[in-house]
Engineer: 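One structure, pasted below without further comment.
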Amino acid sequence: MTDTEEKTTAPTTHRRGSASKARARKSEAAAEKTSKRSSAKTSTKNGEKRTSSKRSESRGSSRSGGRRSNASGSSRGGRGGNRSNSRRSNPRAVSRTPGTSPNQDAVLIAPPKYRKGSMRIVPLGGLGEIGRNMNVIEYNGHLLLVDCGVLFPDEEQPGVDLILPDFSYIKDRLDDIEALVLTHGHEDHIGGVPYLLNLRPDIPLIGSKLTLAFVKAKCEEHHQNPRCVEVTGRDKLKVGPFNLEFVAVTHSIPDALAVCINTPAGTVIDTGDFKLDQLPIDHRITDLVEFGKLGEKGVDLVMVDSTNAEVPGFVRPESTIGPELERAFSEATRKIIVASFSSHVHRVQQVVDAAHKVGRKVVFVGRSMVRNMSIAADLGYLHIPEGTVVDLKKAKDIQDNKLVYMCTGSQGEPMAALGRIADGTHRDITINEFDTVVMASSLIPGNENEVYGLINKLVQKGARVINRDNAKIHVSGHSNEGELTYFYNILKPKCVMPIHGENRHLVANGLVAVKTGVDPKNVVLAEDGDVVDLYHGQAAVVGSVPCGYVYVDGDTVGELTDEELEKRKILGTEGFVSAFAVVDTDAKNVISGPKVYMNAMPEDESEFENVRHQIVQQLEDAMMDGTHDTHKLQQIMRRTIGSWVSRQLHRKPMIVPVVADVAHDVIDGTSYGD
């Protein structure tokens with residue numbers, strides 16, 4: 001077994017003996033070079049450098065050091081990054097599963113055969129991105145799933161509705177799944193549940209009361225009736241060979257839980273999303289006493305929320321938002337629109353309280369907001385003073401200066417309520433001069449352009465916009481560096497695996513763990529699809545499995561490819577050119593055309609007069625040389641048009657050529673005249 005590490009302060013993982021000695025020596029040499037770099041970076045797998053994807057660049061998230069030397073040797077920066085080509089030389093490589101987005105190269109290093117008595121962890125989402133969180137825990141042939149969320153698309157995925165975890169790894173082992181544990185009710189942790197239940201409807205769902213209520217409502221929309229097991233903090237449950245213990249944690253949604261998973265192979269904790277808010281709205285604090293007890297018993301591996309690991313200090317209490325909202329509401333002269341996540345019950349509670357205090361009515365806007373707040377109120381998580389909330393239709397009869405609209409769209413989503421209000425397309429709500437808009441939520445990395453574009457639209461219409469830039473109107477639901485430091489000192493885990501965050505967040509979290517005394521060799525910086533084995537108290541990446549993006553596009557799941565997404569982007573940015581020509585391959589001449597049509601391009605079609613004779617010449621030369629295949633003739637036409645457009649118009653539109661051959665094609669009722 002060879003150890004590969006950076007400087008002593010940088011988190012790395014060590015390698016198992018499954019790789020050959022030659023690869024091990026190569027890895028050690030690469031690691032020696034890498035160790036001279038900044039301690040803020042971790043070593044790259046097999047000495048390879050990371051290449052950041054467009055997704056990472058657009059979101060401003062660099063791979064802060066890439067990955068350690070390990071048997072898996074993968075590299076992927078953010079979304080859509082490429083796996084290193086050196087994997088292709090491995091004799092144990094496996095092909096990527098077709099039908100999913102190629103986030104990985106065509107070939108991966110396969111993990112070794114499962115070692116009986118070990119614990120295997122495979123993240124299928126949430127590592128290197130904010131969203132689609134899902135982890136698979138295996139012990140002796142039994143599987144336990146933790147969370148099943150979705151990722152929301154950005155400008156690089158036009159027309160995509162949702163992005164799911166890649167279920168390929170578990171599709172052939174659905175009967176081995178003992179249960180799915182849900183840590184809390186945010187979409188990035190529960191949004192993929194209906195799609196998983198489409199594969200096996202009777203998978204038991206384990207979670208808190210509010211979490212399961214949100215999941216049930218979601219499943220009802222998919223005509224599903226899931227099996228649910230309700231738990232609360234400090235509850236213990238045996239599921240197959242897994243002994244589970246749940247720990248209450250504070251987050252931006254009530255009823256969040258961490259889960260401790262105990263097997264003869266060791267103890268693993270998945271924190272879910274959490275923070276150490278000492279003054280939460282519901283007075284339900286993170287149960288540090290219970291974490292301390294678990295730490296005394298011994299924790300072999302803890303998987304920790306990394307979202308705010310780069311942020312120094314501590315998160316302000318949620319209760320500090322109330323006075324800010326009251327101040328903003330008291331200063332507003334016309335209607336108020338507050339945008340937040342539809343599941344942020346604590347934030348909505350403070351909006352309701354502030355509105356009631358200044359004598360305003362609250363109107364819930366948007367299907368998800370109305371549904372979730374109705375569930376939260378029915379279960380006692382949201383307390384609404386009598387007469388404070390009114391229906392959207394009844395709001396038309398109330399003066400603007402007596403209303404607060406509570407809606408979704410704080411991330412600039414164009415189809416959410418606030419986006420439609422800003423665009424003037426909402427059928428019930430319009431923005432007028434002197435209206436107040438409060439954006440009471442975090443800014444998810446990568447959404448900056450959409451959010452500030454939305455703010456500009458609102459300001460242009462005369463609204464006053466209050467957001468995190470000009471008021472203390474939001475606090476995060478994730479632990480800052482100071483809180484993570486406290487957490488590690490209390491738990492004292494042997495191994496740490498940062499989860500839930502972009503690459504920079506994972507690395508920062510690993511460095512925090514090292515500062516508290518965790519051995520750098522025991523910090524596992526993994527990626528989606530990596531296989532982590534816990535054996536005799538030691539965790540390490542031992543290989544990788546296919547783990548791409550699975551796109552939901554309307555009613556289709558997993559059928560949309562990256563190639564088709566690229567075509568959509570070209571259509572949206574470069575325009576569309578179609579060309580039609582009729583030829584006679586026997587006579588070897590062009591009978592009609594080519595006719596050229598343009599869409600979404602500023603140039604006039606007359607511009608193509610200069611290239612038509614070139615197309616005719618190229619087609620006739622090809623036919624004189626014996627070409628009779630219309631597909632080949634279409635390619636000739638495509639290349640000729642593409643070369644001319646690129647040279648003369650400096651554009652790269654999508655080009656669709658059509659060539660009809662009267663000598664061989666039967667085309668009824670078609671006129672070939674100009």
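Everything quoted here is computed from the prediction, not taken from an experiment. Position 1 is the first residue of the sequence, and the numbers go up from there.
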Engineer: If you measure from CG on Leu196 to CE on Met134, what distance do you get to the nearest 0.5 Å?
Structural biologist: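 So the CG of Leu196 and the CE of Met134 are separated by 5.0 Å.
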
Engineer: Atom CD1 of Ile285 and atom CG of Leu276: how far apart are they, to the nearest 0.5 Å?
Structural biologist: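 If I round to the nearest 0.5 Å, the distance is 9.0 Å.
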
Engineer: Are Asp533 and Tyr114 close enough that a side-chain donor and a side-chain acceptor fall under 3.5 Å?
Structural biologist: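 Not at all, the side chains of Asp533 and Tyr114 share no donor-acceptor pair under 3.5 Å.
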
Engineer: Check whether Ser544 reaches the backbone of Ile109 with its side chain - one donor and one acceptor, N or O, closer than 3.5 Å.
Structural biologist: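 No, because the side chain of Ser544 does not come within donor-acceptor range (under 3.5 Å) of the backbone of Ile109.
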
Engineer: Going by atom types only, do Asn522 and Gln538 share a side-chain donor-acceptor pair under 3.5 Å?
Structural biologist: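 Yes, a side-chain donor-acceptor pair sits under 3.5 Å.
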
Engineer: Could you grab the distance from atom CG of Leu145 to atom CD1 of Ile170, nearest 0.5 Å is fine?
Structural biologist: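 Going from the CG atom of Leu145 to the CD1 atom of Ile170 covers 5.0 Å.
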
Engineer: Within the 3.5 Å criterion, strictly below it, is a donor on Thr307 or His500 matched to an acceptor on the partner's side chain?
Structural biologist: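 Yes, because at least one side-chain N or O of Thr307 sits under 3.5 Å from a partner of the opposite role on His500.
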
Engineer: Below 4.0 angstrom, N of the basic side chain to O of the carboxylate: do Glu481 and Lys515 qualify?
Structural biologist: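 Yes.
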
Engineer: Do Ser479 and Asn308 get their side chains close enough for a donor-acceptor pair, meaning under 3.5 Å?
Structural biologist: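 Asn308 and Ser479 do not have a side-chain donor-acceptor pair below 3.5 Å.
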
Engineer: Run Phe214 and Ile253 through side-chain contact (heavy atoms from CB on, under 4.5 Å) and show every step you take.
Structural biologist: CA-CA 11 Å; Phe214 282 175; Ile253 185 174; 3.8 Å; yes

Engineer: Any chance the side chains of Asp270 and Asn135 put a donor and an acceptor closer than 3.5 Å?
Structural biologist: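 The answer is yes; a qualifying pair exists.
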
Engineer: Decide yes or no for Leu491 and Val302: does some side-chain heavy atom of the first lie under 4.5 Å from some side-chain heavy atom of the second?
Structural biologist: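 They are in contact (side-chain heavy atoms under 4.5 Å apart), so the answer is yes.
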
Engineer: Where the side chain of Arg200 meets the backbone of Leu174, is there a donor-acceptor pair that is under 3.5 Å apart?
Structural biologist: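 Looks like yes, one N/O pair under 3.5 Å.
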
Engineer: Charged N to carboxylate O below 4.0 Å: is that the case for Asp300 and Lys494?
Structural biologist: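 The answer is no: the pair does not qualify as a salt bridge.
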
Engineer: Test side-chain hydrogen bond (donor to acceptor under 3.5 Å, both in side chains) on His189 and Asp273 and set out the steps.
Structural biologist: CA-CA 9 Å; His189 291 257; Asp273 296 353; 3.1 Å; yes

Engineer: Walk me through it: do Thr232 and Phe246 pass the test side-chain contact (heavy atoms from CB on, under 4.5 Å)?
Structural biologist: CA-CA 7 Å; Thr232 188; Phe246 299 89; over 6 Å; no

Engineer: Are any non-hydrogen side-chain atoms of Leu151 and Asp188 less than 4.5 angstrom apart?
Structural biologist: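 Answer no - side chains too far apart.
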
Engineer: Under a 3.5 Å threshold, yes or no: a donor from one side chain and an acceptor from the other, between Asp176 and His142?
Structural biologist: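 No, His142 and Asp176 have no side-chain donor paired with an acceptor closer than 3.5 Å.
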
Engineer: Do Arg120 and Ile137 have side-chain heavy atoms sitting under 4.5 Å apart?
Structural biologist: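 Heavy-atom side-chain distance check fails, nothing below 4.5 Å.
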
Engineer: Hey, does the side chain of Thr250 reach the backbone of Thr286 with a donor-acceptor pair shorter than 3.5 angstrom?
Structural biologist: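 Yes.
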
Engineer: Please report the C-alpha distance between Leu534 and Val532 in whole Å, then the side-chain angles of each, then the deciding distance to 0.1 Å, and finally whether the side-chain contact (heavy atoms from CB on, under 4.5 Å) criterion is met.
Structural biologist: CA-CA 7 Å; Leu534 177 66; Val532 178; over 6 Å; no

Engineer: Is it true that, when you exclude Tyr486 itself, more than 12 heavy atoms of the residues, nucleotides or ligands shown sit nearer than 6.0 Å to its OH?
Structural biologist: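 No, because the 6.0 Å sphere around OH of Tyr486 holds 12 heavy atoms or fewer from other groups.
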
Engineer: Can you confirm whether Asp147 sits close enough to Val181 that some side-chain heavy atom of one is under 4.5 Å from a side-chain heavy atom of the other?
Structural biologist: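 Counting from C-beta outward, Asp147 and Val181 never come under 4.5 Å.
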
Engineer: Ion pair present between Glu296 and Lys492, side-chain N to carboxylate O less than 4.0 angstrom?
Structural biologist: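 Salt bridge: no.
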
Engineer: Contact between Val304 and Ile499 at the side-chain level, heavy atoms closer than 4.5 Å - yes or no?
Structural biologist: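 Result no, sub-4.5 Å side-chain heavy-atom pair not found.
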
Engineer: I want to check something: taking the side chain as every heavy atom from C-beta on, are Val496 and Leu301 in contact at a cut-off of under 4.5 Å?
Structural biologist: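 No, too far: nothing below the 4.5 Å cut-off.
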
Engineer: Applying side-chain contact (heavy atoms from CB on, under 4.5 Å), run through Cys148 and Tyr195 and close with a yes or a no.
Structural biologist: CA-CA 9 Å; Cys148 184; Tyr195 300 94; over 6 Å; no

Engineer: Do side-chain atoms of Arg284 reach the backbone of Pro254 as a donor and acceptor pair under 3.5 angstrom?
Structural biologist: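 Not at all, since once roles are kept as given, no pair shorter than 3.5 Å links the two residues.
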
Engineer: Centroid separation under 6.0 Å, is that true for the rings of His251 and His346?
Structural biologist: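 Between His346 and His251, the centre distance exceeds or equals 6.0 Å.
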
Engineer: Between Phe487 and Phe274, does the ring centroid distance fall short of 6.0 Å?
Structural biologist: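 Ring centroids of Phe487 and Phe274 are less than 6.0 Å from each other.
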
Engineer: Within a 6.0 Å radius of atom NZ on Lys116, are there more than 12 heavy atoms belonging to other residues, nucleotides or ligands?
Structural biologist: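 Count not over threshold, so no.
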
Engineer: Does Asp277 come within less than 4.0 Å of Arg316, counting only side-chain N to carboxylate O?
Structural biologist: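 A salt bridge is absent here (no side-chain N lies under 4.0 Å from a carboxylate O).
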
Engineer: Are Arg347 and Phe341 in a cation-pi setup, meaning NZ or CZ lies under 6.0 angstrom from the ring centre and within 45 degrees of the ring axis?
Structural biologist: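 No - Arg347 does not lie over the ring of Phe341 by the 6.0 Å and 45° rule.
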
Engineer: To the nearest 0.5 Å, tell me how far Ile261 CD1 sits from Ile269 CD1.
Structural biologist: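 That separation rounds to 9.5 Å.
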
Engineer: With rounding to the nearest 0.5 Å, note down the distance linking OG in Ser306 to CG in Leu127.
Structural biologist: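 Answer rounded to 0.5 Å: 7.5 Å.
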
Engineer: In Å and rounded to the nearest 0.5 Å, what is the CD1 to OG1 distance from Ile206 to Thr183?
Structural biologist: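 Between Ile206 CD1 and Thr183 OG1, I get 12.5 Å after rounding to 0.5 Å.
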
Engineer: When you check the side-chain N and O atoms of Tyr488 and Glu483, is any donor under 3.5 Å from an acceptor?
Structural biologist: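 No donor-acceptor contact under 3.5 Å links the two side chains.
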
Engineer: Any donor and acceptor pair, going by atom type alone, linking the side chain of Asn262 with main-chain N or O of Thr267 inside 3.5 Å?
Structural biologist: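 Side chain of Asn262 to backbone of Thr267, a donor-acceptor pair under 3.5 Å: no, none is there.
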
Engineer: Looking at His186 versus His344, is the centre-to-centre ring distance below 6.0 Å?
Structural biologist: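 Aromatic pair excluded; centres sit 6.0 Å or further apart.
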
Engineer: Can we say Asp287 and Arg234 salt-bridge, meaning some charged N sits less than 4.0 Å from an Asp/Glu carboxylate O?
Structural biologist: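 Looking at Asp287 and Arg234, the cut-off is met.
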
